[in-house]
Amino acid sequence: MSVARASAAEQMVPALRPAISLIDHEGVTLMAAEVEELPRNQKPCYVRNKGMERGSYLRVGESDRRLTSEEVQQLTAERGQPRFDHEPVPDINPKTTEHWLGRLKQEGLVESAVAGRGHRDTRYRLTPTARKQNTPFQ
């Protein structure tokens, strides 16, 4: 990769790595750059020195249109839930866990989804009531 191409790629967040090819067409050499669509969890791609809010664009036909603040926020929101949120908490106090689960069950906000042999094997989920109330447990 040339220095200029590497520098241009690094100006974007995340850095773009287009597939560059040279095509002979009617006696003229054309350069084609193929850019793969980013996965949802990496959108929006933006110009580093402009920041996400002012440097995110959408390709429309042969031109670029800057995304609105709302569109940037929507893409950011669609990145999905962080994966670390699904990992068990190490060294958690079982009594504390039972206390909080008891309170949440009492208020009708969680229910057992999969019962296990011990507290570490049991999975819980929000009840429809909790989802409707837009609780902070979501």
Side-chain angles (χ1 to χ4, degrees):
M1 183 185 309
S2 73
V3 174
R5 194 166 121 201
S7 175
E10 296 301 324
Q11 290 177 22
M12 304 300 294
V13 177
L16 294 180
R17 303 285 182 234
I20 305 292
S21 56
L22 299 176
I23 303 165
D24 288 324
H25 179 72
E26 297 179 4
V28 178
T29 302
L30 304 172
M31 180 173 26
E34 190 173 342
V35 180
E36 295 280 331
E37 181 176 358
L38 286 174
R40 186 178 77 170
N41 66 347
Q42 293 182 10
K43 290 180 181 181
C45 182
Y46 60 94
V47 180
R48 183 182 304 277
N49 65 359
K50 290 186 177 185
M52 186 182 297
E53 196 72 24
R54 291 183 45 236
S56 299
Y57 294 85
L58 177 67
R59 188 76 177 162
V60 181
E62 294 184 16
S63 63
D64 297 318
R65 179 182 65 79
R66 194 169 104 200
L67 295 179
T68 65
S69 295
E70 291 81 15
E71 289 170 320
V72 171
Q73 289 172 4
Q74 182 66 36
L75 285 170
T76 303
E78 290 175 0
R79 287 181 176 177
Q81 187 72 16
R83 298 305 308 161
F84 66 82
D85 200 34
H86 295 272
E87 296 176 13
V89 178
D91 302 323
I92 192 164
N93 182 329
K95 289 182 181 180
T96 303
T97 303
E98 292 302 321
H99 168 77
W100 284 106
L101 281 172
R103 285 189 61 188
L104 294 172
K105 284 182 197 175
Q106 204 171 33
E107 294 177 25
L109 299 176
V110 295
E111 60 190 3
S112 296
V114 178
R117 286 180 254 159
H119 72 279
R120 291 176 187 253
D121 299 325
T122 303
R123 304 289 185 257
Y124 297 91
R125 66 177 170 226
L126 292 174
T127 62
T129 303
R131 286 189 216 103
K132 285 179 189 173
Q133 292 177 3
N134 197 20
T135 67
F137 306 110
Q138 292 188 40

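What you see is a predicted model, and the numbers here were worked out from it, not measured in a lab.
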Side chains of residues 19-35: which donor-acceptor pairs under 3.5 Å do they make with residues two or more places apart or in other chains?
| unit_1 | atom_1 | unit_2 | atom_2 | d |
| --- | --- | --- | --- | --- |
| D24 | OD1 | T29 | OG1 | 3.0 |

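E71 contributes a side-chain N or O that, together with a main-chain N or O of T68, makes up a donor-acceptor pair within less than 3.5 Å.
Side-chain atoms of L67 and Y46, non-hydrogen and from C-beta on, never get closer than 4.5 Å to each other.
With 3.5 Å as the limit, one finds no donor-acceptor pair spanning the side chains of Q74 and E70.
In this structure, R65 places its CZ atom where more than 12 heavy-atom neighbours from other residues, nucleotides or ligands lie under 6.0 Å away.
Once rounded to the nearest 0.5 Å, the distance linking OG1 of T96 with CG of L101 reads 11.0 Å.
Remark: E53 engages no residue in a salt bridge (Lys or Arg N to Asp or Glu O under 4.0 Å) (not counting sequence neighbours).
Residues V60 and V47 are members of separate hydrophobic clusters, defined by side-chain heavy-atom contacts under 4.5 angstrom among Ile, Leu, Val, Met, Phe, Trp and Tyr. In terms of hydrophobic clustering, with Ile, Leu, Val, Met, Phe, Trp and Tyr side chains grouped at heavy-atom distances under 4.5 Å, Y57 and L16 are assigned to a common cluster.
The minimum heavy-atom distance between L38 and K43, with the atom names listed, is O-CE, 3.1 Å. What you find for K50 and G55 is that their closest heavy atoms are CB-CA, 3.7 Å. Contact record, R17 with E10: NH2-OE2, 2.7 Å, taken as the closest heavy-atom pair. Scanning all heavy atoms of the two residues, the minimum distance from R40 to E78 falls at NE-O, 2.8 Å.
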Trace of the side-chain contact (heavy atoms from CB on, under 4.5 Å) decision for H99 with K95: CA-CA 6 Å; H99 168 77; K95 289 182 181 180; over 6 Å; no
